[in-house]
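All figures in this text were calculated on a predicted structure; none of them were measured in a lab.
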Amino acid sequence: MDSIFFIISKAVWFFVSPDNLLLVWFIVALFFLWRNKFVWAKRLLFSLAILLIVIGFLPIGGWLLYPLETHYEANPQLDKVDGII
């Protein structure tokens with residue numbers, strides 16, 4: 001059962017990981033071009049281009065990490081340490 005879950009989780013993660021999701025988005029747009037559905041292809045490619053520009057120029061990674069970095073102290077004072085986990 002563990003191996004089936006592992007295989008299914010890897011297959012699902014391929015489609016929902018952010019970088020592969022952009023690749024799938026591009027492939028769907030190419031499929032619409034191939035089927036001569038130019039309006040949908042233009043919409044998908046335009047929105048993909050805007051999304052890539054936003055991701056490329058805005059510090060989204062820093063914005064997402066900031067709450068995690070400020071939640072805990074940088075160098076907390078340790079009183080009694082019995083071990084490291």
Next item on the list: Return each pair, listed once, that meets side-chain hydrogen bond (donor to acceptor under 3.5 Å, both in side chains) where at least one residue sits in residues 76-85; pairs must be two or more places apart or across chains.
Entry: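 Listed by first then second residue: nothing to list.
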Notebook entry, point to check: Can you pull the side-chain hydrogen bond (donor to acceptor under 3.5 Å, both in side chains) pairs that have at least one residue in residues 10-26, sequence neighbours excluded?
Noted result: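 Every pair satisfying side-chain hydrogen bond (donor to acceptor under 3.5 Å, both in side chains) with a residue in residues 10-26: S17-D19, S17-N20.
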Hydrophobic clusters here meaning ILVMFWY residues chained together by side-chain heavy-atom distances under 4.5 Å, can you tell me if [X] and [Y] are in one?
X	Y	result
L64	I55	yes
L23	F46	no
V12	I4	yes
I53	L44	no

Partners meeting side-chain contact (heavy atoms from CB on, under 4.5 Å) with [X] (sequence neighbours left out):
X	result
F38	L33, N36
F26	L30, L45, L48
V54	I50, L58, I60
W34	F31

Check: Hey, what do you get for CZ (F32) to NZ (K42), rounding to the nearest 0.5 Å?
Finding: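 Here the rounded value is 14.5 Å.
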Checklist line | Spacing of F14 atom CZ and L21 atom CG [to the nearest 0.5 Å] | finding: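 Result: 10.5 Å between the selected atoms.
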Item checked: S47: side-chain hydrogen bond (donor to acceptor under 3.5 Å, both in side chains) partners, not counting sequence neighbours ->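 By the side-chain hydrogen bond (donor to acceptor under 3.5 Å, both in side chains) rule, S47 matches no residue at all.
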Item checked: With N75 via side-chain hydrogen bond (donor to acceptor under 3.5 Å, both in side chains) - residues at least two apart ->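 Here no residue qualifies.
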Check: For L65, what are the other residues in its hydrophobic cluster, where any two members join if their side-chain heavy atoms are less than 4.5 angstrom apart?
Finding: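 Grouped by the 4.5 Å side-chain rule, L68 form the rest of the cluster around L65.
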Note to self: Apply the hydrophobic cluster definition, ILVMFWY joined by side-chain contacts under 4.5 Å directly or through others, and give me every member besides Y66.
What the structure shows: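 When side chains under 4.5 Å apart are linked, Y66 ends up in no cluster with other residues.
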Next item on the list: For residues A41 and A29, report the shortest heavy-atom separation together with the two atoms involved.
Entry: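 Between these two residues, the closest heavy atoms are CB-O, 3.7 Å.
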Note to self: Side chains of F15 and V24, heavy atoms from C-beta outward: is any pair under 4.5 Å?
What the structure shows: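 Side-chain contact under 4.5 Å: yes.
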